[in-house]
> 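The structure under discussion is supplied below as structure tokens; questions concerning it will follow.
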Amino acid sequence: MNLCVKVLTLDIFFAVTAPGLEPFTALELSRLFPDLASAPVDSASSPLRPLPGGVEFRGGLAELYRANLHLRTASRVLARLGMPFLARGFDELRAKAARLPWEKFLTPRQPVALRVTCHKSKLYHSDAVARTLASALADRLGQPSPLVKADEEAERPPQLVVARLAEDRVTVSVDSSGTILHKRGYRLALAKAPLRETLAAGILLASGWDMHSPLLDPFCGSGTIPIEAALMALGIPPGINRRFAFMDWPNFDEQLWQELHHPSSIVHGRAAAPPILASDRDAGAIQMARENAERAGVADCIEFSCRAVSSITPPPGPGWVATNPPYGRRVSEGRDLRNLYAQFGNVLRKKCPGWHVTVLCSDPVLLGQMRLELDTSLALINGGIRVRIGRGTVK
Ligand SMILES: C[S@@+](CC[C@H](N)C(=O)[O-])C[C@H]1O[C@@H](n2cnc3c(N)ncnc32)[C@H](O)[C@@H]1O
């Protein structure tokens with residue numbers, strides 16, 4: 001079968017990401033599925049399409065399972081339920097939605113959380129759309145499914161179904177991930193203003209770290225950036241220790257999952273990670289970071305120390321600094337942080353000449369205090385706040 005025909009027979013999936021992370025999720029998918037990346041990217045049937053809020057890709061169950069297991073920057077992976085359809089009235093919505101193959105993913109009477117968004121559509125009342133979809137689901141499965149609230153942080157959340165109405169076109173998707181993917185299972189202890197694991201992985205991908213050179217995080221807090229770096233360098237899949245919603249689907253292929261999850265099918269990175277140094281001036285944060293790294297199984301790869309940024313001792317480089325210093329609205333609210341950023345810039349010039357630096361911060365003025373030439377074009381959302389990633393080289 002030629003690639004175009006093969007692609008059209010595959011299921012459609014959507015890896016949801018935080019705004020700004022789409023190019024990095026696309027990069028991860030292209031590394032995971034090189035065949036998809038080699039196909040043309042400009043048509044609607046392209047097998048790998050970055051879109052606002054995520055990346056659409058095509059595949060079968062193996063690709064769906066591998067995406068959940070391996071993607072470091074995605075928040076969840078949705079599976080499209082049938083093809084999108086037009087609906088301008090509730091009767092039409094119910095009749096057409098009842099033709100979707102719900103039984104592939106849901107069992108009768110299973111509690112379902114429905115998340116509906118309506119945009120420029122005749123049907124604009126999202127609760128009424130959710131109730132109609134629940135009726136369609138009952139028509140299809142022969143029994144009603146109780147509607148429950150979504151709880152994406154829970155350990156075993158109810159099955160989430162996402163429906164999007166845009167210009168009367170209805171797209172229904174079933175969530176395959178369950179608990180949101182940034183929950184890797186290792187981070188129980190949280191310091192002040194912790195980063196989501198998915199964003200920490202995004203910072204590392206944005207930094208261009210080669211996974212061979214030293215990596216330094218002098219404001220490590222609960223250790224998210226160094227832990228994600230060690231997992232990446234060692235090729236440990238972020239989802240190795242967790243369960244996924246697709247494991248409860250009627251079409252779950254246990255044998256396929258066991259094969260994909262087996263250590264022999266996991267492409268490993270290196271046997272040992274390069275030097276990864278993590279420090280913070282707060283002893284409590286370092287203690288939490290150590291405990292998190294233990295749970296992630298990478299404590300041996302990270303050198304933790306309790307120290308202020310002024311007394312960091314980088315290994316021979318050049319290497320990469322990837323970090324998330326405090327920024328006004330989350331840590332040290334109201335305090336003037338300009339001196340800290342100016343000091344950070346001075347320390348880097350003195351101790352890390354030639355190193356690559358990547359800094360996440362909400363405030364371009366603070367980044368400017370570092371007096372480094374930083375490219376700040378990459379904007380993301382962290383905890384509801386618009387943040388920038390500054391990237392450059394210490395000169
Ligand atoms: C935004 S938090 C980092 C969060 C971290 N990325 C995480 O995921 O938990 C900033 C950290 O910088 C630390 N910090 C503040 N001033 C510092 C200084 N002068 N030297 C070293 N660490 C400092 C704080 O203790 C805090 O843990």
Side-chain angles (χ1 to χ4, degrees), residues 18 21 72-73 182-207 209 215-232 238 276-296 298-299 302-314 320-348 350-352 357-363 366-367 369-370 380-390:
L21 285 182
R72 297 179 195 278
T73 55
H182 77 80
K183 292 213 154 199
R184 322 281 206 223
Y186 66 75
R187 205 171 64 169
L188 304 182
L190 296 183
K192 290 174 252 176
L195 271 187
R196 281 199 166 183
E197 294 79 345
T198 39
L199 186 51
I203 291 172
L204 289 162
L205 288 172
S207 78
W209 181 45
L215 184 99
L216 176 63
D217 179 357
F219 300 94
C220 75
S222 57
T224 324
I225 293 175
I227 293 171
E228 289 295 317
L231 292 171
M232 266 186 193
I276 299 177
L277 280 77
S279 52
D280 197 289
R281 69 170 180 194
D282 179 342
I286 289 296
Q287 177 62 23
M288 285 179 213
R290 273 207 184 96
E291 288 167 13
N292 288 332
E294 292 279 351
R295 271 186 291 274
V298 295
I302 306 172
E303 203 182 306
F304 288 106
S305 59
C306 180
R307 62 179 77 217
V309 65
S310 51
S311 50
I312 54 169
T313 52
W320 266 256
V321 175
T323 195
N324 157 219
Y327 51 85
R329 276 183 264 180
R330 297 192 76 196
V331 181
S332 318
E333 192 144 9
R335 266 194 13 215
D336 187 355
L337 292 163
R338 282 176 293 185
N339 290 344
L340 178 63
Y341 278 75
Q343 182 192 32
F344 183 27
N346 289 337
V347 169
L348 290 177
K350 192 167 160 208
K351 301 190 180 183
C352 301
V357 52
T358 301
V359 185
L360 178 110
C361 179
S362 67
D363 188 346
L366 287 178
L367 286 173
Q369 294 295 312
M370 292 175 70
L380 303 164
I381 305 290
N382 180 34
I385 297 175
R386 192 176 154 83
V387 291
R388 297 212 164 256
I389 291 189

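All heavy atoms count here, side chains included; hydrogens, waters and symmetry mates do not. In each ligand, atom 1 is the first atom listed, and ligand 1 is the first ligand listed.
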> Counting from 1, what ligand 1 atoms have a heavy atom of Arg307 closer than 4.0 Å?
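Listed by number with element, the hits are 21 (C).
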
> Quick one: which ligand 1 atoms are inside 4.0 Å of a heavy atom on Leu195?
6 (N), 7 (C), 8 (O)

> If the condition is side chain to side chain donor-acceptor pair (under 3.5 Å), which residues does Glu303 pass it with, not counting sequence neighbours?
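Applying side chain to side chain donor-acceptor pair (under 3.5 Å) to Glu303 gives none.
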
> I need the atoms of ligand 1 closer than 4.0 Å to a non-hydrogen atom of Pro218, numbered in the order shown.
21 (C), 22 (N)

> Within a distance under 4.0 Å of any heavy atom of Pro194, pick out the atoms of ligand 1 and give their elements.
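Per the distance check, 7 (C), 8 (O), 9 (O).
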
> Any atoms of ligand 1 less than 4.0 Å from a non-hydrogen atom of Gly221? List them with their elements.
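It comes down to these atoms of ligand 1: 5 (C), 9 (O), 27 (O).
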
> Give the single entry among Asp282, Val347, Asp280 that approaches atom 27 (O) of ligand 1 most closely by any heavy atom.
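That would be Asp280.
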
> How does Gln343 reach ligand 1, if at all, at less than 4.0 Å between non-hydrogen atoms: by side chain, backbone, both, or neither?
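It is neither; nothing of Gln343 touches ligand 1.
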
> Of the listed options (Asn324, Leu337, Leu360), which comes nearest to atom 2 (S) of ligand 1 when hydrogens are ignored and any heavy atom counts?
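Checking each option, the heavy atom nearest atom 2 (S) of ligand 1 is found in Asn324.
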
> Going by the rule salt bridge (Lys or Arg N to Asp or Glu O under 4.0 Å), which residues pair with Lys183 if we only count those two or more places apart in sequence or in a different chain?
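Only Glu153 meet the salt bridge (Lys or Arg N to Asp or Glu O under 4.0 Å) criterion with Lys183.
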
> Spell out, as yes or no, whether a donor-acceptor pair under 3.5 Å connects the side chain of Trp209 to the backbone of Trp320.
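A pair under 3.5 Å: no.
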
> Given Glu228, Glu197, Arg281, Arg196, which one has a non-hydrogen atom that is nearest to atom 17 (C) of ligand 1?
Arg281

> For a side-chain contact (heavy atoms from CB on, under 4.5 Å) check, start with the C-alpha distance between Cys220 and Ile302, then their side-chain angles and the critical distance, and finish with the verdict.
CA-CA 11 Å; Cys220 75; Ile302 306 172; over 6 Å; no

> Look at ligand 1 and say whether Ile225 reaches it with a heavy atom at a distance under 4.0 Å.
no

> At under 4.0 Å between heavy atoms, is it the side chain or the backbone of Ser279 that contacts ligand 1, or both, or neither?
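The answer is neither; Ser279 stays 4.0 Å or more away.
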
> Answer whether the closest heavy-atom distance between the side chains of Asp280 and Ser222 falls below 4.5 Å.
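Side-chain contact under 4.5 Å: no.
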
> Below 4.0 angstrom from a heavy atom of Ser222, which ligand 1 atoms are there? Numbered from 1 as shown, please.
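What qualifies from ligand 1 is 7 (C), 8 (O), 9 (O).
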
> Taking all non-hydrogen atoms of both residues, which atom of Asp217 and which atom of Asn324 are closest, and how far apart?
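Shortest heavy-atom contact: OD1-N, 4.4 Å.
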
> Which heavy atom of Leu195 sits nearest to which heavy atom of Ile203, and what is that distance?
CD1-CD1, 3.7 Å

> For a side-chain contact (heavy atoms from CB on, under 4.5 Å) check, start with the C-alpha distance between Leu340 and Val309, then their side-chain angles and the critical distance, and finish with the verdict.
CA-CA 9 Å; Leu340 178 63; Val309 65; 4.2 Å; yes

